[in-house]
Visitor: 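Below are the structure tokens for one structure; questions will follow.
Numbers restart at 1 for each chain; the letters A, B, ... are given by sequence-line order, proteins then strands.
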Amino acid sequence: MTDIRVRFAPSPTGAPHVGNIRTALFGYLWARHTGGKFILRIEDTDQAREVENGLELILESLRVLGLQWDEGPDVGGPYGPYEQSKRLPLYQEHTARLIAQGQAYYCYCTEERLARMRADQKARGEQTRYDYHCRNLSEAERAERERAGAPKVVRLAVPRGGKTTLRDFIHGDLTIENKNVDDQVLLKSDGFPTYHLAVVVDDHLMKISHVMRGDDWIPSFPKHVLLYQAFGWDIPPHGHLPNVLGPDKKKLSKRHGATSVMQFRDEGYLTEALLNFLARLGWSYDDKSEVFARDQLIDLFTLDKIEHAPAIFDLAKLDWLNGYYIRALSDDDFAARAAPFVPQTDAATLRALAPLTKERVKKLNEIPALVDFLFEEDLEYDPQTLIGKGMDAASALAALRAARATLDKHVSFDDEEKIEAELRADAEKLGMKNLQFFGALRVAVTGKTVSPPLMSSMRILGREKTLRRIARAISALEYL
RNA sequence: GCGACGUUGGUGCAGUCCGGUUCAGCACGUCGCCCUUUCAAGGCGAAGACCAGCGGUUCAAAUCCGCUACGUCGCACCA
């Protein structure tokens with residue numbers, strides 16, 4: 001196979017959302033699968049939309065998922081520079097060539113004229129598009145404007161008839177009639193290229209072997225094909241990836257909640273779960289596999305398995321997958337990752353908590369709600385919650401008193417099995433179901449009806465605090 | 001308005017390119033049972049789509065063709 005070179009080419013307009021990152025991931029996977037190169041190129045040709053730390057946000061997003069690039073603005077490479085704003089002369093040379101060939105022309109139309117033109121077209125119910133005004137300028141008219149120093153742009157002279165076809169390795173042949181293609185601006189009046197010119201020039205110069213981008217670009221592929229033809233270049237294989245949509249089937253946006261991988265990570269999603277989930281957005285291996293580790297993705301990823309219908313970001317599925325990955329973590333690993341989410345505790349406690357909480361959360365940020373009872377001094381009780389089903393104040397009291405007596409005999413709570421056996425015996429002696437007896441004890445110790453396993457909770461809480469809480473619960477009941 | 005792309009159970013996907021051994025497969029979710037001192041996790045099982053609709057081609061269509069509907073995207077000196 002020829003050298004595979006795939007590029008991810010975002011523009012620095014903010015933290016890339018997961019849909020863009022999914023596109024980056026596909027490029028990364030294809031490059032790694034083939035032993036090719038993954039290239040990062042920054043499309044910073046719009047100064048107006050640029051964000052201060054835009055570049056850093058992009059780099060950080062890729063790093064979070066471990067999508068290491070081989071060439072890029074920070075690491076360089078043989079085809080740099082990798083920021084389009086630093087390649088301006090290249091674009092200018094290429095447009096000059098097109099103009100010389102008669103395949104592009106200068107346009108002196110003002111914003112106002114264009115706006116009026118579009119308004120008129122809209123009013124007439126027509127498709128808005130450039131009206132070829134400057135394409136038909138005579139040599140004298142052109143010279144006149146040059147003399148006046150009028151600002152100008154360069155437009156692509158799209159053939160008025162015929163059609164343009166692109167072979168797409170995801171959608172098959174795509175065809176659009178040239179009459180529906182606008183005379184796109186290639187070079188703006190500030191000397192910067194537009195996307196259309198820049199991608200074609202750079203993809204060619206950087207020897208990109210596979211062009212992958214979101215399918216929202218499909219309508220403009222004729223402009224790119226025409227440019228390749230005008231330059232006399234081979235067109236590399238193109239694939240328009242299905243877009244990532246929110247649950248409402250609309251293009252993903254801030255409205256849908258978290259959108260950057262950093263946000264997801266901060267909400268308690270594991271990066272390996274995120275990677276796995278994103279890979280499945282628009283790609284599938286077969287009809288039954290859901291879980292893929294990075295190495296498997298690299299091994300299994302092929303272009304023919306890319307879907308053509310848009311992919312919907314199914315948060316419920318992400319949650320499930322994340323829980324799956326959390327459960328698979330070793331206790332040590334889990335404790336280390338949980339640490340930032342439970343700042344009020346120490347490493348040893350976290351490690352002890354790991355086996356109890358690991359399989360009870362879908363996201364790391366759910367851990368605090370599960371174990372917060374450990375970090376409070378004393379609990380306030382609503383006596384009613386201490387009295388479970390089929391119980392009354394007297395029986396709850398009896399249960400807690402018996403439990404206290406049993407626990408009091410133990411200097412340490414380390415032997416969970418022994419303590420549990422004794423408490424079970426207490427329940428039986430009182431003629432209670434385990435549910436009733438342990439239910440009362442659970443509320444007394446943890447303050448809630450749902451908690452991690454009781455014996456372990458008491459062990460971690462410690463003898464002193466546990467007994468104090470039971471005592472307080474008893475007095476709360478005695479008050480009734 | 002014009003154009004492009006898409007449309008499989010409640011949800012997300014596979015199967016569609018190379019029509020016929022799949023009375024449409026998997027996962028999430030839901031429900032039931034088991035386990036059980038709670039909640040989870042785990043095990044077992046169940047319900048749920050006739051493949052957007054209509055019309056063609058064919059001995060045979062989710063799979064090919066056409067039309068309609070719906071959805072999304074594009075139509076900037078933005079990417």
Side-chain angles (χ1 to χ4, degrees), chain A residues 9-13 20 43-46 48-49 107 109 111 114-115 118 121-130 151-155 171-172 174-177 179-182 184-190 192-196 198-199 213-221 240 242-243 245 247 249-251 280-291 304-305 307-321 323-324 327 356-362 370 388 420 423-424 427 432-443 446 448-455:
Chain A
S11 57
T13 54
N20 290 135
E43 311 230 320
D44 53 350
T45 57
D46 185 357
R49 290 207 317 159
C107 171
C109 293
E111 292 280 8
L114 293 174
R118 286 193 197 100
Q121 289 168 335
K122 228 166 207 161
R124 274 180 269 127
E126 293 170 9
Q127 180 178 168
T128 57
R129 49 125 47 84
Y130 185 58
K152 62 187 175 191
V153 301
V154 176
R155 284 184 187 274
H171 296 274
L174 298 172
T175 299
I176 290 181
E177 296 198 50
K179 67 173 195 222
N180 292 318
V181 181
D182 204 1
Q184 183 61 230
V185 170
L186 299 178
L187 204 61
K188 307 184 231 179
S189 53
D190 62 2
F192 276 64
T194 59
Y195 168 86
H196 308 282
V199 247
R213 52 156 73 115
D215 64 11
D216 41 346
W217 283 110
I218 289 179
S220 51
F221 79 77
H240 287 91
N243 255 127
L245 273 29
K249 297 196 193 306
K250 291 225 170 44
K251 209 170 153 186
R280 291 282 289 98
L281 252 29
W283 175 84
S284 63
Y285 175 62
D286 59 19
D287 61 345
K288 32 199 73 156
S289 311
E290 295 285 352
V291 181
D304 59 307
K305 303 298 281 181
E307 192 30 48
H308 43 263
I312 292 178
F313 196 95
D314 185 357
L315 201 61
K317 193 125 182 189
L318 205 212
D319 285 349
W320 166 76
L321 193 62
Y324 184 94
R327 273 173 255 134
L356 314 186
T357 50
K358 213 166 70 172
E359 53 187 39
R360 272 164 246 269
V361 297
K362 287 190 158 73
L370 215 51
E420 180 175 343
L423 289 174
R424 278 171 187 271
M432 289 179 193
K433 294 186 175 225
N434 286 332
L435 174 62
Q436 300 173 313
F437 182 88
F438 288 100
L441 185 54
R442 181 185 309 284
V443 173
T446 70
K448 26 186 149 207
T449 55
V450 172
S451 82
L454 231 202
M455 298 307 134

Visitor: Report which part of the nucleic acid R118(A) touches: base, sugar-phosphate, or nothing (heavy-atom distance under 4.0 Å, all strands).
Guide: sugar-phosphate
Visitor: Using a heavy-atom cut-off of 4.0 Å across all strands, would you classify L187(A) as base, sugar-phosphate, or nothing?
Guide: nothing
Visitor: For P453(A), answer base if it contacts any base atom (sugar-phosphate contacts may also be present), sugar-phosphate if it contacts only those atoms, and nothing otherwise; contact means non-hydrogen atoms under 4.0 Å.
Guide: base
Visitor: Which part of the nucleic acid does N434(A) contact within heavy-atom distance under 4.0 Å: base, sugar-phosphate only, or nothing?
Guide: sugar-phosphate
Visitor: Taking only residues two or more places apart in sequence or in another chain, which ones pass salt bridge (charged side-chain N to carboxylate O under 4.0 Å, His left out) with K433(A)?
Guide: none
Visitor: Which whole number of Å gives the distance between the P atom of C39(B) and that of G32(B)?
Guide: 13 Å
Visitor: For a quick check of understanding: with a heavy-atom distance under 4.0 Å over all strands, which category does Q121(A) fall into, base, sugar-phosphate or nothing?
Guide: nothing
Visitor: Tell me what S451(A) touches on the nucleic acid: a base, only sugar-phosphate, or nothing, going by heavy atoms under 4.0 Å.
Guide: base
Visitor: If you walk 5' to 3' along RNA chain B, what is the first nucleotide with an atom under 4.0 Å of a heavy atom in chain A, and what is the last?
Guide: G1(B) to A79(B)
Visitor: Taking salt bridge (charged side-chain N to carboxylate O under 4.0 Å, His left out) as the definition, give me every residue that meets it alongside D319(A), ordered by chain and number, with sequence neighbours left out.
Guide: none
Visitor: Touch check for K358(A), heavy atoms < 4.0 angstrom, all strands: base, sugar-phosphate only, or nothing?
Guide: nothing
Visitor: Between D314(A) and W320(A), which is nearer to the 5' end of RNA chain B once each is assigned its nearest nucleotide?
Guide: D314(A)
Visitor: Base, sugar-phosphate alone, or nothing: which one does H240(A) contact when heavy atoms must sit under 4.0 Å apart?
Guide: nothing
Visitor: K188(A) near the nucleic acid: base, sugar-phosphate alone, or nothing, with a heavy-atom cut-off under 4.0 Å?
Guide: base
Visitor: Measuring only the P atom in each nucleotide, how far is G66(B) from C18(B)? A whole number of Å is fine.
Guide: 15 Å
Visitor: Looking only at atom C1', what distance separates C59(B) and G48(B), rounded to whole Å?
Guide: 33 Å
Visitor: Does A311(A) reach a base, just sugar-phosphate, or nothing at all? Heavy atoms under 4.0 Å.
Guide: sugar-phosphate
Visitor: Go through RNA chain B and write down every stem, that is, every run of at least three consecutive Watson-Crick or G-U wobble pairs with distances under 3.5 Å, as range with range.
Guide: B:1-7 with B:69-75, B:10-13 with B:25-28, B:30-34 with B:42-46, B:52-56 with B:64-68
Visitor: Quick one: list whatever passes side chain to side chain contact (heavy atoms under 4.5 Å, CB included) with V443(A), sequence neighbours left out.
Guide: T385(A), L386(A), T449(A)
Visitor: Only counting residues at least two apart or in another chain, list the ones meeting side chain to side chain donor-acceptor pair (under 3.5 Å) with R442(A).
Guide: S451(A)
Visitor: Using the P atom as the point on both nucleotides, what is the distance between A46(B) and C26(B), in whole Å?
Guide: 11 Å
